[in-house]
Amino acid sequence: MTLSDGPAGVRGPRWDERDPSLNLPSGSALAASWDAELAHRYGAASASEARRKGVDVVLGPTINLHRSPLGGRHFECLSEDPELTAELGAAYVRGLQDNGVAATPKHYVANDSETDRFTVDVQVDERALRELYLAPFERTVADAGAWALMSAYNSVDGVTMTENDLLETPLNSEWGFDGVVISDWTAVRSLDAVAASQDLAMPGPAPAWAELAAAVRDGRLDEADLDRKVLRILLLAERVGALGDAAPAEPAPVDGVAFAREASVAGTVLLQNDGTLPLDAASLRHVAVIGQNARDARTQGGGSATVVPERVVSPLDALRGALPAAEVRFEIGAVVQEGVAELPLSQLTNPATGEPGMRVSFLDAAGAEIFAEDRRSTALVWFGGDAPIGASATIVYETRLTPDETREIELGFAGANPGRLFLDGELRLDDAPVLTGTDLGAAFLNPPSLTVPVPVTAGTPVDIRVEFARSGEGSIAGAFSATLGVAPERTDADELIARAVSAAAEAEVAVVVVGTNAKVESEGYDRTDLDLPGRQDDLVRAVAATGTPTIVIVNAGSPVVLPWAADVAAVVQGYFGGQEFGNALADILTGAAEPGGRLPTTWPARLDDVPVTDTTPTDGVLRYDEGIHVGYRAWLRRGVEPAFPFGHGLGYTTWRWGAAERRGDVLEVTLVNTGERAGKQVVQVYAERPESAVDRPVRWLVGFAVARAEAGETVSVEVAVDPRRLAHWSDGWIVEPGRFVLRAGASATQLPLTTDWEAGR
């Protein structure tokens with residue numbers, strides 16, 4: 001069986017641009033759709049992609065909670081709320097497994113931040129653990145029947161997760177899990193994992209298993225524990241069609257590119273709009289498109305879930321295509337990128353083949369070539385595949401660069417290994433990167449860069465050779481990662497802003513795309529603030545000050561502060577929108593599509609307002625002292641108004657809320673589209689318990705549904721309210737008798753409809 005990372009696109013057994021993958025919108029973008037049917041189709045698209053790649057088990061979805069917006073991997077997770085995360089996570093799992101591919105919800109459990117993720121001990125009370133952090137896993141297992149699950153690196157209450165009793169209770173004993181518990185990579189630390197219901201140690205063979213056979217023979221381990229693991233692995237093989245002569249199920253065909261575009265539209269949130277959007281594409285003649293992320297958009301976050309798409313549609317290219325009558329002027333405005341970005345394929349020639357690309361050679365200790373590959377990218381990762389990484393002493397990149405303009409570039413490499421850069425045979429850079437932190441996985445996937453200034457002339461070729469030594473503190477056995485590329489230009493920051501202001505002043509509308517970079521949102525790192533990197537805030541203020549209507553697109557996987565929001569015409573949160581991100585944005589800005597998203601995470605006006613900010617352990621311990629009050633629950637308890645509340649999102653039409661009526665365990669909500677075009681509304685239902693014997697949130701989400709209506713149409717939607725959604729944990733699930741209040745509306749703070757709900761009736 002082949003396992004593959006795949007929360008937002010299935011990479012497959014090789015990290016290789018010659019075998020590209022569908023790049024779907026990030027987990028937070030999927031959650032912003034608030035659409036379980038879309039999440040099921042997302043899983044189905046992933047299953048189709050998995051089978052195309054020869055993959056049996058997808059390592060996803062990632063269903064840890066956005067406990068704090070400073071969590072660096074939240075782009076990959078779904079939301080801050082257990083109900084929203086659970087409902088969409090379960091739908092994703094069904095979409096995969098209905099098509100014969102195993103899902104692996106991860107990371108079980110309380111892996112909600114990245115700092116010291118291998119060693120942190122999360123201290124969390126049982127009620128918060130049950131009601132918040134275990135709840136999404138329970139639904140993906142007990143309701144959706146997940147065939148696998150991934151155990152986390154961290155400890156919970158003093159015991160590392162691969163040895164934790166939580167793998168047995170509640171996972172097996174209460175929820176009926178009969179699948180395979182797969183470890184996060186290198187998370188199995190000792191033989192104690194054998195008795196703790198940990199089934200598969202990855203990547204294997206785990207050093208912790210070295211004494212396994214001897215421990216069984218001398219009685220330290222019970223052979224029956226191994227039998228159970230073997231049977232579960234065989235059951236997984238049977239389910240995915242890998243046992244004996246069985247054949248895998250054939251997933252339903254999916255137009256992956258079209259779905260990626262649709263999903264990106266569905267997860268894009270219109271945060272504010274003074275009426276400038278949608279644009280009248282036919283009437284525009286001069287448009288300024290500004291921002292590095294407009295040209296070099298982030299379509300996915302950094303880390304192990306990264307895939308290599310066949311193509312990416314940038315906002316700049318898409319807007320040029322969607323505004324055929326307009327002159328579109330681009331200015332970078334502010335530098336966002338840190339480190340080197342790969343060289344453009346169109347400017348590269350492989351010296352061995354004469355085709356576009358680069359030659360990579362693997363040399364032994366004597367300098368003899370033992371293997372070679374012809375590649376179509378200069379940003380390469382070997383994590384499996386045919387290359388003899390372990391036997392190589394030196395790895396050589398060779399290409400010929402023919403620049404398309406005359407300028408000085410910052411040429412260099414990013415990697416965890418010492419390197420030497422030669423230009424036309426002359427040694428120009430000989431250095432070793434300095435790695436920071438102790439997370440080798442993060443350093444491997446997001447390494448530091450070294451560069452040297454190089455003057456280049458348009459049309460004049462330069463022969464480039466880089467020699468990487470297979471040594472250094474960042475080396476990982478059997479794996480290698482290095483990028484040959486160019487760092488951002490060193491133009492004065494004020495000059496870049498001045499150019500952008502000039503472009504905006506001459507335009508009828510300015511579209512500014514701001515966003516994060518791999519140093520801000522990536523596996524292995526938490527955030528230190530919520531600010532946009534570089535001078536992007538200054539850029540937006542300066543463009544808005546021209547008086548030209550300014551639309552800001554936020555290209556970030558999780559919240560950032562927007563100090564200039566009141567000064568601009570519209571703000572659109574696009575998340576990491578996948579490979580069709582640009583086309584989806586163009587559809588929304590021109591009104592060809594409705595912005596379908598609602599926030600899955602509360603957005604603060606400033607970091608000081610955020611209720612939960614601790615992601616750094618103290619003496620190895622991270623205490624979840626806030627208990628059940630996370631996300632919007634904590635905001636409501638504190639009584640501080642955020643910039644944009646949980647569930648918020650606008651469309652291009654208007655709505656009137658009618659009535660909410662109980663029918664058994666269903667709340668029927670009626671609403672009217674009072675605008676002039678079709679639209680989408682997300683009906684959100686929250687519970688309150690005005691008088692409770694236990695600590696409760698001010699309100700909490702108990703269900704939701706998507707409503708769609710034509711202009712003037714009245715529609716009704718049914719939101720199931722399972723009694724468990726009203727329960728609290730106290731050595732078991734308890735629903736207090738008496739009155740609950742249900743509120744329905746468009747966000748956690750805009751709830752015009754109210755009805756009483758008597759528990760047990």
Side-chain angles (χ1 to χ4, degrees), residues 13-19 203 306 308 339-343 345 347-401 409-436 440-452 454 461-487:
R14 297 191 304 168
W15 217 317
D16 197 320
E17 77 288 348
R18 298 167 299 180
D19 184 17
T306 305
V308 182
V340 300
E342 65 180 292
L343 298 172
L345 182 64
Q347 298 178 27
L348 302 179
T349 303
N350 183 326
T353 66
E355 298 294 321
M358 181 173 70
R359 180 77 164 183
V360 183
S361 304
F362 299 80
L363 312 181
D364 63 18
E369 183 180 288
I370 53 177
F371 186 76
E373 286 188 332
D374 297 311
R375 304 300 297 266
R376 294 177 57 81
S377 172
T378 64
L380 303 179
V381 177
W382 287 270
F383 200 64
D386 300 325
I389 300 296
S392 301
T394 306
I395 297 174
V396 179
Y397 289 7
E398 292 179 286
T399 189
R400 176 170 294 164
L401 171 68
I409 62 174
E410 289 289 326
L411 186 66
F413 55 84
N417 299 75
R420 300 199 302 162
L421 172 68
F422 296 85
L423 301 180
D424 291 330
E426 177 186 356
L427 180 63
R428 296 295 304 276
L429 181 61
D430 185 354
D431 206 344
V434 177
L435 303 181
T436 58
L440 279 185
F444 175 78
L445 295 170
N446 191 19
S449 296
L450 299 168
T451 64
V452 61
V454 176
V462 180
D463 288 331
I464 303 173
R465 176 185 174 95
V466 190
E467 300 173 352
F468 296 103
R470 277 285 298 148
S471 61
E473 58 180 319
S475 294
I476 299 176
F480 180 79
S481 169
T483 296
L484 168 64
V486 176

So, the side chain of [X] versus the backbone of [Y]: is there a donor-acceptor pair under 3.5 Å, distance only?
| X | Y | answer |
| --- | --- | --- |
| T399 | G357 | yes |
| T353 | E355 | yes |
| S449 | G339 | no |
| D424 | V462 | no |

To the nearest 0.5 Å, what is the distance between [atom1] on [X] and [atom2] on [Y]?
| X | Y | atom1 | atom2 | result |
| --- | --- | --- | --- | --- |
| R420 | D431 | CZ | CG | 12.5 Å |
| L380 | E373 | CG | CD | 8.0 Å |
| L429 | L411 | CG | CG | 8.5 Å |
| R375 | L348 | CZ | CG | 13.5 Å |
| L401 | L484 | CG | CG | 8.5 Å |
| R376 | L345 | CZ | CG | 5.0 Å |

- Query: Please walk me through it: do V308 and D19 pass side chain to side chain contact (heavy atoms under 4.5 Å, CB included)?
  - Reply: CA-CA 8 Å; V308 182; D19 184 17; over 6 Å; no

- Taking it one step at a time, do F480 and V360 satisfy side chain to side chain contact (heavy atoms under 4.5 Å, CB included)? CA-CA 12 Å; F480 180 79; V360 183; over 6 Å; no

Search all heavy atoms of [X] against all heavy atoms of [Y] and return the closest pair with its distance.
| X | Y | answer |
| --- | --- | --- |
| E342 | S377 | OE1-OG, 2.9 Å |
| I370 | S392 | CD1-OG, 3.9 Å |
| E369 | L363 | CA-CD2, 3.6 Å |
| A414 | P447 | C-CG, 3.9 Å |
| R400 | D463 | NE-OD1, 2.6 Å |
| P448 | V434 | CG-O, 3.7 Å |

- Do L343 and I464 come within less than 4.5 Å of each other through their side chains, counting heavy atoms only? yes

- Got V396 and R359 here, is their nearest side-chain heavy-atom distance under 4.5 Å? no

- Query: Please walk me through it: do F362 and I389 pass side chain to side chain contact (heavy atoms under 4.5 Å, CB included)?
  - Reply: CA-CA 8 Å; F362 299 80; I389 300 296; 3.7 Å; yes

- Query: Looking at F468, F413, F422, which hits ring pair (Phe, Tyr, Trp, His ring centres under 6.0 Å) with Y397?
  - Reply: F468

- Tell me, which pairs form a salt bridge (Lys or Arg N to Asp or Glu O under 4.0 Å) where one or both residues lie in residues 378-399, sequence neighbours left out? E398-R465

